[in-house]
Protein chains: 2
Amino acid sequence: MLQILSELRKNKNWSQAETAELLGIAKSTYAGYESGYREPSLRALIQIADLFDVSIDVILARKNQTTVLELATISKMDSMVLTVDGKPLTEEETANLIAFTRVRRELG
Amino acid sequence: MLQILSELRKNKNWSQAETAELLGIAKSTYAGYESGYREPSLRALIQIADLFDVSIDVILARKNQTTVLELATISKMDSMVLTVDGKPLTEEETANLIAFTRVRRELG
DNA sequence: TTTCACGTATGCGTTACGCGTATTCATTTA
DNA sequence: TAAATGAATACGCGTAACGCATACGTGAAA
């Protein structure tokens, strides 16, 4: 249910112990969330969402808000920023990614 | 914290008892949420969000609107799909885009 | 006044969360 | 190679708090 926690954490290059400390909980407690051994309480869930700066629905992988977004559109939106290694993609970078994808698909 | 429950419920012209029955919980339990006497468990919260068809963040009155998203994270999320030319990016394609971006940035 | 619907408050049993601890595995250091 | 350190995971136990049954207060309708 909470597999995404591992992804979010690794994107920040944090260990479970570091993350637990930032959350103010025991490392075994946090590890239990990732492994699926336990589910976080509502209070813990809110802290986690705040720490990773994502919505609770994202953490719970709730699909009630499945959104399909065109890469080209996102780069024009002010309300959303894509990052790689924590660094925002520029419009030029995004344009290159789109071109890159088209070429690769063309080649099969 | 959960004042919005009362509004969501009244918008549907439901009594607390009706709502509780739809949720499969005791009416005193549901009433406790609205009055602030108790907070719902995570399980109950998910059922409530599904019943009213709103996101959990809305129920919790969280103002976060995740604007910065790591590309690597998105590809792992079921709740969001990126497309190029209307065609979804596969996980492999996304991984290639990330690698491509890193190389380009490395080269200056 | 009685009755009924609605919302609310609380005692109590039980669930399950959080911590400490132990274990396993991988990597590093002497 | 062994020892040590770091990382991830599993589990026992105490207890916080959730859910239910029940009781109570209010207002409207008869």
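The figures that follow rest on heavy atoms only: side chains count, while hydrogens, waters and symmetry mates do not. Model, not experiment: these values are computed from the prediction.
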Quiz item: Rounded to the nearest 0.5 Å, how far apart are CD of A/Gln47 and OG of A/Ser41?
Solution: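 Going from CD on A/Gln47 over to OG on A/Ser41, the span is 7.5 Å.
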Exercise. Give, for atom CD of B/Gln16 and atom NZ of B/Lys10, the distance between the pair rounded to the nearest 0.5 Å.
Key: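 Taking CD in B/Gln16 and NZ in B/Lys10, the distance rounds to 8.5 Å.
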Quiz item: Taking the nucleotide of DNA chain C with the closest heavy atom to each, which residue, B/Arg43 or B/Ser35, is nearer the 5' end?
Solution: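 Going by which nucleotide is closer to the 5' end, it is B/Ser35.
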Calculate the interatomic distance between [X] atom [atom1] and [N] atom [atom2]; express it in whole Å.
| X | N | atom1 | atom2 | answer |
| --- | --- | --- | --- | --- |
| B/Tyr37 | D/dC24 | OH | P | 15 Å |
| A/Leu5 | D/dT9 | CG | P | 11 Å |
| A/Glu21 | C/dC19 | CD | P | 13 Å |
| A/Arg38 | D/dA10 | CZ | P | 11 Å |
| A/Lys27 | C/dC17 | NZ | P | 21 Å |
| B/Ile25 | C/dT15 | CD1 | P | 18 Å |
| A/Glu39 | D/dC18 | CD | P | 15 Å |
| B/Leu45 | C/dC17 | CG | P | 14 Å |

Answer yes when [X] and [Y] have at least one side-chain N-carboxylate O distance shorter than 4.0 Å, and no when they do not.
| X | Y | result |
| --- | --- | --- |
| B/Arg104 | A/Glu92 | yes |
| A/Glu34 | A/Arg9 | yes |
| A/Arg105 | B/Glu93 | yes |

Touch check for [X], heavy atoms < 4.0 angstrom, all strands: base, sugar-phosphate only, or nothing?
| X | result |
| --- | --- |
| A/Ser15 | sugar-phosphate |
| A/Ser28 | base |
| B/Tyr30 | nothing |

Is any side-chain N or O of [X] closer than 4.0 Å to OP1 or OP2 of [N]?
| X | N | value |
| --- | --- | --- |
| A/Arg9 | D/dA7 | no |
| B/Thr29 | D/dC18 | no |
| A/Tyr33 | C/dC17 | no |

